[in-house]
Each structure stands twice: as structure tokens, then as C-alpha cells.
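Residue numbering restarts at 1 for every chain, and letters A, B, ... go by the order of the sequence lines. Everything numeric here is computed off the predicted structure, so don't read it as measured data.
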There are 2 protein chains.
Amino acid sequence: MSVAPKRPKGPPLNAMRAFEAAARHISFVAAAEELNVTAGAISQHIKTLESWAGMPLFRRNAQGVELTQAGQSLISDFSTAFDALAEATRALRNLRPNADFHIAALPSIAQLWLPKRLGKIRARFPQINFSVTAMETPPSLSRELFDLSIFFTVEDASTNQICICRDEITPVCAPSLRERTRGGDDFAGMTLLHDQSWARDWSLWSKGAGVALGNSETGPRFSLYSLAVEEAKAGAGALIGHLCLLEDALETGALVTMHHMVCETGMSLAVQLPPASRRRPETDEVVTLLKG
Amino acid sequence: MSVAPKRPKGPPLNAMRAFEAAARHISFVAAAEELNVTAGAISQHIKTLESWAGMPLFRRNAQGVELTQAGQSLISDFSTAFDALAEATRALRNLRPNADFHIAALPSIAQLWLPKRLGKIRARFPQINFSVTAMETPPSLSRELFDLSIFFTVEDASTNQICICRDEITPVCAPSLRERTRGGDDFAGMTLLHDQSWARDWSLWSKGAGVALGNSETGPRFSLYSLAVEEAKAGAGALIGHLCLLEDALETGALVTMHHMVCETGMSLAVQLPPASRRRPETDEVVTLLKG
DNA sequence: TTTCTTGCCGTAGAAAAACTAAGGCTACAA
DNA sequence: TTGTAGCCTTAGTTTTTCTACGGCAAGAAA
């Protein structure tokens with residue numbers, strides 16, 4: 001007879017969210033990072049959903065996943081739904097008058113560029129808690145609860161993006177080291193300091209400036225740019241300076257430029273905002289203070 | 001410095017779902033029923049959400065809840081979001097070729113009216129599992145995973161509603177009891193059987209037919225109409241018969257009508273369908289078989 | 001070839017969330 | 001006054017969810 005006693009249950013919401021994130025990134029690890037869990041958790045969620053649906057949604061390859069036909073067909077419905085849910089979440093959060101203001105930024109920006117501006121912003125909005133989350137890749141502002149993000153990106157015409165300054169690079173070092181190469185092009189004997197995630201910087205500048213380097217690959221690597229900056233200040237060698245990140249150090253003389261050639265990387269330090277409908281009321285003023 | 005290490009977390013999804021349901025029904029109990037949990041669970045979810053938001057969303061009165069200003073302002077965003085999510089869920093479920101087909105129906109309809117039709121439907125779609133869930137109030141077909149519902153409702157012009165027949169009532173009893181009142185209006189000495197949720201039936205008919213009843217309130221009450229029907233068959237007394245539910249019993253002679261007056265209740269036995277975009281492909285044919 | 005790296009899987013145990021059950025309170029109606 | 005309807009709270013249990021860690025396969029690098 002099969003008169004079921006219970007209402008038919010939908011799949012677990014968290015599993016759906018995991019699927020949506022994984023489908024958007026086409027990667028379990030990326031989804032895991034976005035949701036602040038381990039990849040194993042995502043894997044389990046997806047499996048739950050697949051068993052609920054009765055068919056696989058991802059094809060697992062050794063070097064990554066891809067969506068199956070079935071998975072493909074769901075992505076737009078799910079994205080729409082979770083967009084709407086993010087909107088609702090934002091509405092919920094914005095009920096609170098002085099909710100925390102969340103900023104996402106590249107670690108180097110968070111450490112070297114932001115503090116000075118943040119001071120002014122805090123002074124302007126003393127009742128609001130500003131919190132800064134450092135991360136390597138920009139979060140989706142339509143999904144996550146960040147009120148703005150600051151990263152190096154290529155400029156686009158979007159009105160949600162406010163460009164602060166071009167990313168310009170040139171070698172810098174401690175004053176005590178400068179004399180050796182003053183005016184000349186002799187980097188051969190110099191220790192070159194590298195940032196892990198900006199490994200191409202030295203060769204980029206070398207090419208742009210037309211200056212030959214002994215070997216642009218060798219030298220200590222740092223996982224955080226600010227560590228490399230500290231080493232450079234201590235006289236450990238030459239560093240490719242991103243000028244906008246070194247305002248303070250150059251101003252105080254803790255670091256000095258080593259060459260007159262300055263190259264653009266093609267990126268810009270830019271503020272990214274959520275869609276207009278979802279912004280916090282303080283946003284515009286905060287942006288103004290960031291620019292100033 | 002307040003450099004937060006973790007990404008800002010949204011509120012728990014289940015709490016949001018609970019809020020949405022509670023806000024839609026303006027009742028924790030109704031929400032609990034829809035979500036198949038206890039009211040206590042809803043209460044906690046709402047509390048979680050309120051503490052996340054930092055302000056109350058419901059005002060608790062002794063005889064029910066009402067939304068606060070803040071709660072009011074959220075309802076449309078949340079409804080939109082969960083509508084979209086329901087859509088996505090449906091898409092997910094419809095991936096499976098022969099997924100179960102879920103029917104919601106009033107208990108009396110499920111027991112007395114549906115079985116005969118369901119037999120034909122099962123014969124037509126042998127590979128599909130049809131399951132029937134009995135409930136007192138129609139589910140929201142845009143939220144829950146039912147493929148159609150069958151209830152007594154007032155007719156409306158909606159294309160999602162297919163009217164099967166008018167609800168007509170007249171007293172019935174076992175043949176052995178009929179002689180006493182044959183042709184006459186003497187219900188005074190008769191035991192009147194009542195259905196709990198159709199308590200007004202006897203007085204409705206009495207008024208419509210112009211027949212005085214000794215006391216239309218007294219007599220055994222049954223929580224399920226089909227129990228009352230069984231009692232009536234056994235000769236326990238007179239029952240207000242809903243003709244469309246008694247086709248079988250009248251045909252086989254297990255019950256007979258007691259009076260020539262038949263009243264309409266103003267309701268109709270009607271099939272309700274989900275929005276067109278979300279229907280199962282089998283739906284139209286199933287409806288045809290239900291009508292036939 | 002061998003070794004490294006990346007990204008997913010699986011499992012076991014731990015942590016957190018969600019749920020139920022039961023008792024209580026308030027307001028309204030009979 | 002009693003009954004009923006609704007919601008609340010708390011405690012304890014069940015279920016879900018997550019982490020940690022070892023494994024495996026494929027491509028890249030040595």
C-alpha cells in the first residue's frame with residue numbers, strides 16, 4: 001500500500017551548499033576553503049547529495065573533479081538559490097545597527113597597506129568593529145559576508161571596483177646596502193629576496209627595466225611579503241618593492257630604491273564592493289577614507 | 001588589532017529554514033509540522049537566529065507569535081530564497097528517472113477515494129513508486145516535495161487546481177437501519193455519528209434540507225472519517241455521507257442514503273498541482289486517471 | 001625511472017548541532 | 001473554574017558534521 005507516514009524530506013541543506021560551492025569552483029578544496037571546512041567534509045556532503053539524487057554529480061579524476069551532465073544541469077538553479085539566500089543573510093545581518101564590518105585582503109595588503117587607513121576608519125566609526133581577514137584569493141562578495149575586499153587585480157570597468165593605484169615595482173634594499181649598486185646595474189653579487197606567491201617579480205622587472213640579473217631564481221623565499229620586507233630592512237638583500245606597499249618604509253628611510261626604472265605589473269591595488277543592493281551604509285565613506 | 005583569523009560565518013541554514021517556515025505560517029507549531037519536527041526545535045532555531053542577528057524576530061504572545069518589525073522586513077528575502085532552493089531541490093530530484101511520486105491527501109480522501117484510482121495509476125506506471133501522505137492541511141506545493149495534493153477546497157480559477165467533483169452531503173446508514181426513517185424526517189431517535197474535523201456537517205445538512213435533528217451535537221466522534229464510515233456500516237447509527245467518498249459503499253449496498261435531500265458544502269474535491277515548471281512529466285496523465 | 005605534488009577518497013573518532021520529551025506558563029473561552 | 005491552545009525551557013539523547021590522517025592515482029619534475 002505504501003502509505004508513507006512522513007512528508008518527503010529534501011536533501012540536507014548543508015550538502016546543497018557544499019555542492020553549490022564545489023560546482024562553482026569545480027574543486028572540492030576550493031569549496032572547502034570558502035566554507036571553512038576540510039575537503040573531506042565537502043567530499044562527504046557531495047556523496048550524501050549524490051546518494052539522495054541517485055546519481056553522480058561529479059566525475060572524480062585524479063587531478064581534479066568535473067561536473068557530470070546531471071551536475072551541470074543543476075548549477076544554475078543552485079547558484080540562483082544560494083545567491084538569494086546570501087541576500088537574505090545580508091538583510092538579516094544588516095538589521096543590527098553596528099554590525100562588524102568585514103574586510104578581506106591579501107595578506108601583504110592587510111599588513112603593509114591597510115593599517116594606516118584602518119586607523120582613520122576606526123576613528124571615524126568608533127562604534128563599529130572592523131575586522132580584517134587575510135586570504136590569498138578574493139572571496140565571492142555575492143556569497144560571503146565581506147563588506148569589501150582589497151586585492152591586486154586587473155582593472156575592469158565594473159562599478160563595483162574602485163582602483164586605488166597601479167602596482168609598480170622596483171628593487172629596494174636597506175640604505176646600508178645601496179652604495180654598492182648606486183646608479184649602476186650590478187645585481188650580480190646581490191642576494192635577491194623573493195615572495196613565494198610573487199615569484200615572477202624579479203624577472204618581470206628585469207625584463208621591463210632591461211637590467212640583467214645574475215640569476216633571478218635564487219635567493220631566500222618568504223611565504224609572506226611582509227617577512228621579506230623585514231629581511232630587506234635588516235639588510236639581508238634586495239627585494240622587489242611594490243611601491244604602494246612600501247610607502248611607510250620608503251618615507252622613513254628604512255628602505256630605499258635601488259634603480260630609477262619602475263615597472264608596472266599590469267595589476268592594480270583595487271577595492272571590490274558587493275552588489276550595490278547589499279552594501280553596508282558606511283561603505284562609501286570607508287572607501288573614501290581608503291583612497292585618501 | 002582584531003585581525004580575525006576566520007571568514008565570517010553566516011547563520012545556520014536550518015535555522016534560516018525554520019525562520020522562513022515560521023514567518024510564513026506565523027506559527028511555530030505549523031512550521032514544525034511542515035518541517036516534520038517538534039515545535040521545540042523550531043523555537044531553538046529561531047532563538048539561534050535571533051541571537052545571531054542580535055535582535056528578536058518574533059514577539060511571543062501567550063496565544064501565538066507575531067513578527068517584529070525586523071522579522072517583517074526579512075520575510076520577502078527569505079521566502080524568495082527558499083522558493084529558489086525548493087526549485088533547485090526539485091531539479092535535483094527530477095534527475096532520477098523513476099523517482100517516487102508523492103501525493104498528499106486528506107486522510108479520508110486517501111482512504112476512501114484514492115485507492116481505486118491509485119490502482120489504475122500504478123498499473124499505468126508500474127516502474128514508479130506512488131506514495132501517499134495523509135495530512136489535515138494542504139502542504140505548500142511550491143515548498144514541499146509533493147507532486148500533487150488532493151483536498152476539499154473552495155474552487156478558484158487557478159490553472160494549478162483541477163476540480164474533480166462537488167462535495168455533496170446527505171445522511172447515510174446501514175441498510176438494516178434505514179426502515180426506521182424511510183421517507184420520513186425522524187432522526188430524533190437515531191444515533192448520529194460525527195467526524196471530528198467535520199463537526200458542522202450535521203447542522204449544515206439539517207439547515208440545508210430543512211430537517212430538524214434532535215441534537216446535532218451529540219453522538220460518537222471519530223478522528224478519522226473512515227472510522228465513522230466503518231461504524232455506520234456496522235449499523236452504529238447515521239452518518240453524514242460525503243457522496244464522493246462513499247461511491248464504493250453505496251454501490252455495494254454497504255450503506256444506503258436516508259433522505260432525498262442532498263446539500264452542497266461549497267467545497268470541492270480538487271487536485272492541486274505545483275507550478276507548471278516544477279511538475280513531473282507523468283503529472284498530466286496521473287490527473288487524467290484521477291478524473292476518470 | 002623515481003620522486004614530488006596535487007587533489008580526491010575512506011575511515012574512525014571527536015565535536016557540534018538538532019531533536020525529543022516533559023513540565024510550565026499565560027491568555028482566552030466555556 | 002476548568003479546559004484548551006500556544007509557546008517556552010531544560011536536559012539528555014540521537015544524529016549530523018567535522019577533523020585527522022593514511023592512501024591512491026596522475027601529472028610534473030628531477
So if I define the base as every atom that isn't primed, P, OP1 or OP2, how would nucleotides 6-16 of chain C read as a B/S/- string at a heavy-atom cutoff under 4.0 Å?
-SSSS------
Take atom CZ in B/Arg60; do more than 12 heavy atoms of anything else shown fall under 6.0 Å from it?
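Correct, the count exceeds 12.
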Using a cut-off of 6.0 Å, state whether more than 12 heavy atoms not belonging to A/Glu144 lie near its atom CD.
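Yes, CD of A/Glu144 has more than 12 neighbouring heavy atoms, counting only those of other groups under 6.0 Å.
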B/Thr38 vs C/dT20: side-chain N/O to OP1/OP2 distance below 4.0 Å
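Looking at the OP1 and OP2 atoms of C/dT20, one of them is under 4.0 Å from a side-chain N or O of B/Thr38.
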For residues A/Asp147 and A/Arg93, report the shortest heavy-atom separation together with the two atoms involved.
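For A/Asp147 versus A/Arg93, the nearest heavy atoms are OD1-NH2, 2.8 Å.
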Between A/Pro274 and A/Leu141, which heavy-atom pair has the shortest distance, and what is it?
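Closest heavy-atom pair between A/Pro274 and A/Leu141: N-CD1, 3.8 Å.
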Under the ring pair (Phe, Tyr, Trp, His ring centres under 6.0 Å) definition, can you give me all pairs with a residue in residues 69-93 of chain A, not counting sequence neighbours?
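Sorted pair list: A/Phe19-A/Phe78.
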Ring center gap for B/His102 and B/Phe130 short of 6.0 angstrom:
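Not close enough - the centres of the two rings lie 6.0 Å or further apart.
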Check: A/Phe152 ring centre within less than 6.0 Å of A/Trp198 ring centre
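Here the rings of A/Trp198 and A/Phe152 have centres that are less than 6.0 Å from each other.
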Any salt bridge between B/Glu34 and A/Arg7, counting N to O under 4.0 Å?
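No, no charged N to carboxylate O under 4.0 Å.
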Can you pull the contact range of chain B along DNA chain D, 5' to 3', using atoms under 4.0 angstrom from its heavy atoms?
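Terminal contacting nucleotides, 5' to 3': D/dG6 to D/dA11.
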